[in-house]
Protein chains: 2
Amino acid sequence: MARTQGSHSDITGPRIRKAALGLFARHGYAAVSMRQIAKDVGVQAGALYNYTPDKQSLLFRLMHDHMQDLLAAYAELDSLADAETALRRFVGFHIRFHMERPDEVFIAYMELRNLTPENFSEIEGLRRAYEDSLEAILRDGQKAGLFAVADTKIATLAVIAMLNGVMTWYRAGGRLSLDEVEQVYWDMVRRAVTA
Amino acid sequence: MARTQGSHSDITGPRIRKAALGLFARHGYAAVSMRQIAKDVGVQAGALYNYTPDKQSLLFRLMHDHMQDLLAAYAELDSLADAETALRRFVGFHIRFHMERPDEVFIAYMELRNLTPENFSEIEGLRRAYEDSLEAILRDGQKAGLFAVADTKIATLAVIAMLNGVMTWYRAGGRLSLDEVEQVYWDMVRRAVTA
DNA sequence: ATCGTATATGAACAACCGTTCATATAGAAC
DNA sequence: GTTCTATATGAACGGTTGTTCATATACGAT
């Protein structure tokens with residue numbers, strides 16, 4: 001038998017990526033085989049190669065798409081605001097955006113070491129661009145006398161690390177609503193950097 | 001009777017663990033083969049099984065030893081102090097202890113998903129014990145009116161996440177000394193939780 | 001109704017996986 | 001010097017890996 005179903009190129013491609021996303025997030029890139037992904041999609045392993053040159057490219061595509069989405073979504077935020085407002089918006093945006101994409105987020109920082117050096121550099125660049133946008137806010141507020149941090153670069157990484165911690169414990173329907181989580185984290189971030 | 005001198009068992013065992021530690025940290029548990037570990041030690045793969053029942057046990061041992069070391073070292077800190085002093089000590093201890101063991105730390109939270117359910121539970125329990133000791137400090141300070149956090153459990157996880165962020169960027173010999181890093185983080189933590 | 005092409009199959013490839021085991025060796029104990 | 005045994009070898013096990021490819025099919029266009 002061949003092609004047991006109809007023409008599906010615009011359907012199978014996304015389905016492969018979705019299956020790979022879930023499996024990579026749950027078991028890790030190295031622990032997932034192309035045959036497992038294929039089985040998840042309901043297809044033979046060979047068919048995957050109509051949609052990706054190889055396994056590495058599949059991982060890279062997932063991470064790259066995610067980072068592009070992140071930067072594009074953040075770019076849509078209104079940036080004309082004082083530093084404190086901008087920081088509050090950043091905290092809210094970061095928490096909500098990442099909360100909606102737990103698998104992508106998990107992969108994006110867990111599977112960095114499984115990228116080829118070239119692919120790693122590209123993802124790293126995108127991530128740095130995102131970090132820079134937060135550091136710009138902190139430098140802005142620092143200059144205006146609103147913030148008082150010893151080092152904006154360290155503060156940037158500390159804030160992001162703290163916010164990323166949400167993903168390790170928050171579960172929808174838990175003790176706190178997303179609004180409450182956002183409020184709690186905003187309180188801590190504000191106090192950590194405010195003069 | 002067993003050989004008490006000239007035996008390699010007390011040499012090869014640690015060497016295997018050390019090799020596995022470095023390789024797991026760099027490439028990930030699933031991506032490292034027993035043959036790679038053996039090669040690193042300078043031995044054939046079969047010889048590893050004189051020192052570990054299987055690959056899983058090797059990973060578990062590394063994580064378990066690390067968590068035990070962490071709890072034992074923390075237990076040695078003098079705990080008779082007000083909450084603010086205790087928190088400052090915790091921050092300093094956490095940063096320094098983890099900085100000295102980058103590979104162990106990396107493995108301890110990156111390879112959790114590669115543990116069997118039983119092994120995962122055990123490691124999880126040890127980690128919770130460590131987190132609880134920080135939460136006890138925060139609750140203490142909260143009761144004394146020194147701290148003001150909305151939720152001690154969330155604050156606990158947020159502080160640990162923030163401190164763990166150090167490991168992702170700090171390199172010895174860099175722009176900041178370890179003392180300075182500790183000071184900067186302590187400032188941020190203190191302000192984030194202080195009333 | 002026929003054709004051409006996009007899409008999937010399923011077998012095959014060499015390489016590698018974790019683990020086992022019969023065998024060899026080297027050093028301590030007697 | 002002989003014996004004993006902890007330790008290491010190296011081949012072998014069945015199974016899985018990522019990837020390729022000739023082949024078969026189902027659909028869109030003619």
Side-chain angles (χ1 to χ4, degrees), chain A residues 1-24 26-63 107 111 113-119, chain B residues 1-21 23-24 26-63 107 111 113-116 118-119:
Chain A
M1 273 207 312
R3 203 152 92 166
T4 56
Q5 306 177 2
S7 175
H8 283 149
S9 82
D10 48 348
I11 288 278
T12 309
R15 286 219 295 158
I16 288 170
R17 260 165 262 133
K18 191 173 179 181
L21 182 76
L23 289 168
F24 288 168
R26 187 154 40 255
H27 306 293
Y29 173 77
V32 172
S33 71
M34 294 300 268
R35 284 172 180 82
Q36 285 175 56
I37 297 170
K39 187 169 193 177
D40 216 63
V41 176
V43 102
Q44 295 298 316
L48 301 184
Y49 291 86
N50 287 324
Y51 302 93
T52 182
D54 48 39
K55 193 185 175 190
Q56 166 72 203
S57 301
L58 191 48
L59 173 65
F60 176 66
R61 164 89 114 106
L62 292 174
M63 296 176 70
I107 289 174
E111 304 297 352
R113 64 178 163 193
N114 285 311
L115 291 173
T116 61
E118 305 79 34
N119 287 344
Chain B
M1 271 315 227
R3 278 192 289 189
T4 54
Q5 255 188 355
S7 166
H8 294 167
S9 79
D10 50 346
I11 292 277
T12 310
R15 287 220 294 158
I16 289 171
R17 261 164 261 135
K18 191 173 180 179
L21 183 76
L23 289 168
F24 288 167
R26 186 154 42 257
H27 306 292
Y29 173 78
V32 172
S33 71
M34 294 300 267
R35 284 174 180 82
Q36 284 176 58
I37 297 169
K39 189 170 192 176
D40 215 63
V41 176
V43 103
Q44 295 297 317
L48 302 184
Y49 291 84
N50 288 324
Y51 302 94
T52 183
D54 47 41
K55 193 186 176 190
Q56 166 72 202
S57 302
L58 192 49
L59 173 63
F60 176 66
R61 164 87 115 107
L62 292 174
M63 296 176 70
I107 289 174
E111 304 296 353
R113 63 178 164 197
N114 286 311
L115 291 173
T116 61
E118 304 79 34
N119 287 343

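Chain identifiers are assigned alphabetically (A, B, ...) following the order of the sequence lines, protein sequences preceding nucleic acid strands; residue numbering begins at 1 within each chain. Nothing here was measured: the structure is a model prediction, and the numbers come from that model.
The side chain of B:Thr12 places an N or O atom within less than 4.0 Å of a non-bridging phosphate oxygen (OP1 or OP2) of D:dA8. Here A:Tyr51 reaches the OP1 or OP2 of C:dA8: one of its side-chain N or O atoms lies under 4.0 Å away.
Shown here for B:Leu23 and B:Ile37, the closest heavy-atom pair between the two residues is CD1-CA, 3.7 Å. When all heavy atoms of A:Tyr29 and A:Lys55 are compared, the closest pair comes out as O-NZ, 3.0 Å. The minimum heavy-atom distance linking B:Ala45 with B:Arg35 is given by the pair CB-CG, 3.8 Å.
Comparing C:dT20, C:dC17, D:dT19 by their closest approach to the side chain of A:Lys55 singles out D:dT19. Here the side chain of B:Asn50 is nearest to one of D:dT7, C:dT20, D:dT20, namely D:dT7. Distance from the side chain of B:Ser33 is smallest for C:dC17 among the nucleotides C:dC17, C:dT19, D:dG18.
Counting any heavy atom pair closer than 4.0 Å across all strands shown, B:Gln36 reaches sugar-phosphate atoms only and no base atom.
Here D:dA12 presents its P atom at 13 Å from CZ of B:Arg35, a figure rounded to the nearest Å. Remark: P of C:dA8 and CZ of A:Arg15 are 9 Å apart, rounded to the nearest angstrom. With rounding to whole Å, A:Met34 atom CE is found 17 Å from C:dA15 atom C1'. Rounded to an integer number of Å, the gap from A:Tyr49 OH to C:dA6 P is 21 Å. B:Ile11 places its CD1 atom 15 Å from the C1' atom of C:dG27, with the value rounded to the nearest Å. Here D:dG18 presents its C1' atom at 15 Å from CG of A:Asn114, a figure rounded to the nearest Å. For the pair A:Leu23 CG and D:dG18 P, the interatomic distance rounds to 12 Å; values are reported in whole Å. One interatomic measurement links the two molecules: CG of A:Asp54 to C1' of D:dT17, which rounds to 14 Å at whole-angstrom precision.
Listed by residue number, the members of residues 39-47 of chain B with any heavy atom below 4.0 angstrom from DNA chain C are B:Gly46.
Legend: residues meeting side chain to side chain donor-acceptor pair (under 3.5 Å) with A:Asn50, ordered by chain and number and at least two apart, are absent. Residues meeting the side chain to side chain contact (heavy atoms under 4.5 Å, CB included) test with A:Asn119, sequence neighbours left out: A:Gln56, A:Phe60, A:Leu115, A:Thr116.
Using a 4.5 Å heavy-atom cutoff, the side chains of B:Arg17 and B:Tyr51 are not in contact. Side chains of A:Ile16 and A:Thr52 form no contact here, defined as non-hydrogen atoms less than 4.5 Å apart.
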